[in-house]
Amino acid sequence: MAWSAAAAVSRFAASPAAEIRLPFSAAAAASVSFAGRRRFGPVAASLATSATVQKEAVQTEKAPAALGPYSQAIKANNLVFVSGVLGLNPETGKFVSESVEEQTEQVMKNMGEILKASGASYSSVVKTTIMLADLQDFKYVNEIYAKYFPAPAPARSTYQVAALPLNARIEIECIAAL
């Protein structure tokens, strides 16, 4: 990962060139360097780290297959990123019903299967994002959602969106710790 920025500075009181090295860990090291003139000189800064990310796709037939070029979930180091899950029956690929309650229940079951396939569980979920076709369904979703997430409940965001894939009523994604 590399970061760099350059800016013009009207007054630069430091010495013409300075370098600072900041080791972050044995796996990642970074250095910040500044170079410039006393007045009106450009200042450049850069930060480089070397970190390795172990990335593995998670796939289970006990949850609906991805609808496009994405994975049901990705394991990256000690986290699992579960893609948006719909209330589809994994065997038929069809919604269990048009009801937001029944779709929510199926979303949670599907998510549970993906979490299990990744080595995680509901209790290891740290963040969820809920997307609703109609925010008026929020109360019904909360009642079902609460049955699956023990205290402390994960951090969460909920949005009403213009549309969801296949005209779903709800979609939920999550991040879990391993």
Side-chain angles (χ1 to χ4, degrees), residues 1-3 22 24-28 30 47-90 93-178:
M1 173 176 162
W3 171 82
L22 303 169
F24 287 96
S25 70
L47 174 66
T49 63
S50 58
T52 304
V53 175
Q54 299 296 321
K55 188 170 117 172
E56 174 189 339
V58 175
Q59 203 281 321
T60 178
E61 296 196 12
K62 294 182 178 181
L67 299 175
Y70 61 91
S71 301
Q72 288 173 321
I74 290 288
K75 288 170 61 171
N77 294 340
N78 64 339
L79 295 173
V80 177
F81 298 85
V82 178
S83 296
V85 180
L86 301 176
L88 299 171
N89 178 318
K94 306 285 184 203
F95 286 110
V96 292
S97 109
E98 293 298 315
S99 151
V100 72
E101 294 92 343
E102 289 182 41
Q103 283 189 26
T104 302
E105 195 72 52
Q106 188 65 44
V107 164
M108 298 307 296
K109 289 176 185 175
N110 293 340
M111 181 182 293
E113 292 296 338
I114 296 168
L115 289 166
K116 186 170 26 171
S118 71
S121 66
Y122 295 113
S123 64
S124 60
V125 172
V126 296
K127 172 71 168 83
T128 63
T129 303
I130 300 175
M131 290 145 286
L132 293 168
D134 185 351
L135 205 51
Q136 297 297 316
D137 293 333
F138 188 70
K139 176 185 174 191
Y140 309 116
V141 170
N142 267 341
E143 291 170 6
I144 296 162
Y145 179 95
K147 294 188 309 186
Y148 287 87
F149 290 112
R156 182 176 90 180
S157 301
T158 304
Y159 304 98
Q160 177 175 312
V161 296
L164 289 167
L166 305 176
N167 292 318
R169 302 282 306 271
I170 183 169
E171 180 176 6
I172 303 177
E173 64 183 26
C174 72
I175 301 169
L178 290 174

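- The CD atom of E171 lies 11.0 Å from the CD atom of Q103; values are rounded to the nearest 0.5 Å.
- For E98, the CD atom is loosely surrounded, since the number of other residues' heavy atoms within 6.0 Å does not exceed 12.
- Taking each heavy atom of L79 and A177 in turn, the nearest pair found is CD2-CA, 4.0 Å.
- Side chains of V125 and Y148 form no contact here, defined as non-hydrogen atoms less than 4.5 Å apart.
- Going from atom CG of N89 over to atom NZ of K109 covers 10.0 Å, rounded to the nearest 0.5 Å.
- A distance-only check finds a donor-acceptor pair linking the side chain of Q72 to the backbone of P64 [under 3.5 Å].
- Atoms CG and CD1, from D137 and I170 in turn, are 8.0 Å apart once rounded to the nearest 0.5 Å.
- The backbone N or O of A120 lies less than 3.5 Å from no partner atom in the side chain of S124, so there is not a single donor-acceptor pair.
- Annotation: side chain of V82 is not in contact with side chain of E173 (no heavy-atom distance under 4.5 Å).
- Between T158 and L132 there is a side-chain heavy-atom pair separated by less than 4.5 Å.
- By the 4.5 Å heavy-atom criterion applied to side chains, T52 and Q54 are counted as neighbours.
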### Task
List the steps and the verdict of salt bridge (charged side-chain N to carboxylate O under 4.0 Å, His left out) for K147 and E105.
CA-CA 10 Å; K147 294 188 309 186; E105 195 72 52; 3.2 Å; yes
### Message
As a quick check of understanding, evaluate salt bridge (charged side-chain N to carboxylate O under 4.0 Å, His left out) for D134 and R169, giving each step before the final call.
### Response
CA-CA 7 Å; D134 185 351; R169 302 282 306 271; 5.4 Å; no
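- With contacts defined as side-chain heavy-atom distances shorter than 4.5 Å, the pair P154/V126 does not qualify.
- Rounded to the nearest 0.5 angstrom, C174 SG and K127 NZ are separated by 10.5 Å.
- To the nearest 0.5 Å, atoms CD1 (I144) and CD (E101) are separated by 5.5 Å.
- Between the side chains of T60 and K116, no donor-acceptor pair of N or O atoms lies under 3.5 Å.
- Other residues, nucleotides and ligands contribute at most 12 non-hydrogen atoms within 6.0 Å of the CD atom of E61.
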### Task
Evaluate the side chain to side chain contact (heavy atoms under 4.5 Å, CB included) criterion for residues L86 and F95: first the C-alpha distance (whole Å), next the side-chain angles of each, then the deciding distance (0.1 Å), finally the verdict.
CA-CA 8 Å; L86 301 176; F95 286 110; 4.3 Å; yes
### Task
Test I172 against T129 for side chain to side chain contact (heavy atoms under 4.5 Å, CB included), laying out the working first.
CA-CA 6 Å; I172 303 177; T129 303; over 6 Å; no
### Task
Assess whether side chain to side chain contact (heavy atoms under 4.5 Å, CB included) is satisfied between V58 and I74, documenting all intermediate values.
CA-CA 6 Å; V58 175; I74 290 288; over 6 Å; no
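- Rounding to the nearest 0.5 Å places OH of Y145 at 9.5 Å from CZ of F138.
- For the residue pair L115 and A176, the shortest heavy atom distance occurs at CD2-CB, 3.9 Å.
- Inter-residue side-chain proximity for E113 and P90 is flagged as unmet; no heavy-atom pair is nearer than 4.5 Å.
- Between L164 and A133 the shortest heavy-atom distance is CD1-N, 4.0 Å.
- Proximity of L178 to V80: side-chain heavy atoms (C-beta onward) are separated by under 4.5 Å at one or more points.
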### Task
Kindly indicate, with the supporting measurements, whether the criterion side chain to side chain contact (heavy atoms under 4.5 Å, CB included) is fulfilled by L88 and Q106.
CA-CA 7 Å; L88 299 171; Q106 188 65 44; 5.9 Å; no
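- Formation of a donor-acceptor pair under 3.5 Å by the T128 side chain with backbone atoms of R156 is not found in this model.
- Of the N and O atoms on the side chains of S99 and Y140, not one donor lies less than 3.5 Å from an acceptor on the other residue.
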